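Numbering of ligands and ligand atoms starts at 1, following listing order. A quick note: this is a predicted structure, and the numbers were derived from the prediction, not measured. Heavy atoms only: backbone and side chains are in, while hydrogens, waters and symmetry mates are out.
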Amino acid sequence: MSSLDIDKDNLQTVEILLDQKTIARKVEEMGQLLTYDYRGESPVLVGVLKGCIVFLSDLMRAIKLPLELEFISAASYRHGTEQDEEVVLGGPVSIPLKERHVLLVEGVVDSGRTVSRIQGHIRLMEPASLEVVTLIDKPASHRTEIDIKYKGFTVGNEFVIGYGLDNTQQYRNLPFVGKLVDR
Ligand code: IMP
Ligand code: MG
């Protein structure tokens, strides 16, 4: 496994978990699968800001179908314990989702609360179907029952950065997925 010095002041090193080629191959594969599964349809991709952006921009170009694009934002606030975490949604979805095939696109699913909260919100709009697409899933961290039909990679409990994913708003522009390690 290779590593990269990126943040000399904080004395942290980024260890590469998923390199660019590995990600590109997987995203292409996911795009082909979605193209097949949604053949004859025009799905609406709803990206969860901000972590989805790099994944979504690559994925949408790998889907050979007419599609529409929408975004929703979500922020988690902790009141006391982790169980009390509240997910607040923002950015009104302007495309009517009633009777549409909706794909909710996330960068990473951790506790599953964000996805679960957004699914509830979208279901109220009575879509024809609703499935979750995530680049990375952390199944050991799930705190709620969620069904993720399309996932690129599974990782353990580690905090990952890059390819759109941040640590305190930094590192989203790394072209690979890595994790921070102390030196
Ligand atoms: P949830 O716990 O599944 O609701 O995830 C909440 C949000 O936390 C995700 O949408 C991400 O923005 C962020 N998050 C969770 N795990 C990671 C990680 O490993 N790296 C970067 N962001 C993460
Ligand atoms: Mg974040």
Within a radius of less than 6.0 Å around CD of Glu145, do more than 12 heavy atoms belonging to other residues, nucleotides or ligands occur?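 It does not: Glu145 CD has 12 such atoms or fewer within range.
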May I ask you to identify the nearest protein heavy atom to atom 15 (C) of ligand 1, giving residue, atom name and distance to one decimal place in Å?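 Result for atom 15 (C) of ligand 1: Asp110 CB, 3.4 Å.
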Can you tell me the protein heavy atom closest to atom 14 (N) of ligand 1 and the distance?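 The closest heavy atom on the protein side is Val108 CG1, 3.9 Å.
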Apply salt bridge (charged side-chain N to carboxylate O under 4.0 Å, His left out) to Asp166 and list each qualifying residue two or more places apart in sequence or on a separate chain.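 Partners of Asp166 by the salt bridge (charged side-chain N to carboxylate O under 4.0 Å, His left out) criterion, ordered by chain and then number, come out as Arg172.
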Can Glu29 and Lys26 be counted as an ion pair, charged N to O under 4.0 angstrom?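 Looking at Lys26 together with Glu29, the answer is yes, because their closest N to O distance falls below 4.0 Å.
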One thing to verify: whether Glu68 and Arg100 come together as a salt bridge, which I'm taking to mean a side-chain N less than 4.0 angstrom from a carboxylate O.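 Yes.
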Using heavy-atom distances only, which candidate in Lys138, Lys50, Glu106, Arg113 approaches atom 16 (N) of ligand 1 most closely?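 Going through Lys138, Lys50, Glu106, Arg113 one by one, Lys138 has the nearest heavy atom to atom 16 (N) of ligand 1.
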Select the closest option to atom 20 (N) of ligand 1 among Thr168, Leu165, Val160, judged by heavy-atom distance.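 Nearest option to atom 20 (N) of ligand 1, by heavy atoms: Val160.
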State, yes or no, whether a side-chain contact exists between Ile118 and Val48 at a heavy-atom distance under 4.5 Å.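 Of all side-chain heavy-atom pairs linking Val48 with Ile118, at least one is under 4.5 Å.
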Mark up the atoms of ligand 1 that fall under 4.0 Å of a heavy atom belonging to Ser111, in ascending order.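 With Ser111 as reference, the close atoms of ligand 1 come out as 1 (P), 2 (O), 3 (O), 4 (O).
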Sub-4.0 Å atoms of ligand 1 with respect to non-hydrogen atoms of Thr114: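 Every atom of ligand 1 under 4.0 Å from some heavy atom of Thr114: 1 (P), 4 (O), 5 (O), 6 (C).
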I want to know if ligand 1 touches Phe159 in the polar sense, i.e. an N/O pair below 3.5 angstrom.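 By distance alone, the answer is no.
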Any idea how many protein N, O or S atoms are nearer than 2.8 Å to the Mg ion (ligand 2)?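 My tally for this metal is 1.
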Nearest heavy atoms of Ile161 and Tyr171, plus distance in Å: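 Reported closest heavy-atom pair: CD1-CG, 3.7 Å.
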From atom 22 (N) of ligand 1, is the closest protein heavy-atom distance below 4.0 Å?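 Protein heavy atom within 4.0 Å of atom 22 (N) of ligand 1: present.
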Is the shortest distance from a heavy atom of Gly112 to ligand 1 less than 4.0 Å?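 It does, in that a heavy atom of Gly112 comes within the 4.0 Å cut-off of ligand 1.
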How long is the straight-line distance from CZ of Phe153 back to CG of Leu17, given to the nearest 0.5 Å?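 Those atoms lie 10.5 Å apart.
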Expected output: side-chain Thr35 to main-chain Lys64 donor-acceptor under 3.5 Å: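 Present.
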Under a 3.5 Å distance rule, please check whether Arg39 uses its side chain to pair with a backbone N or O of Leu34 as donor and acceptor.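 No; zero donor-acceptor contacts below 3.5 Å.
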May I ask you to decide if the ring planes of Tyr163 and Phe55 are parallel, tilted or perpendicular, using 30° and 60° as cut-offs?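 Tilted: the ring planes of Tyr163 and Phe55 meet at 30° to 60°.
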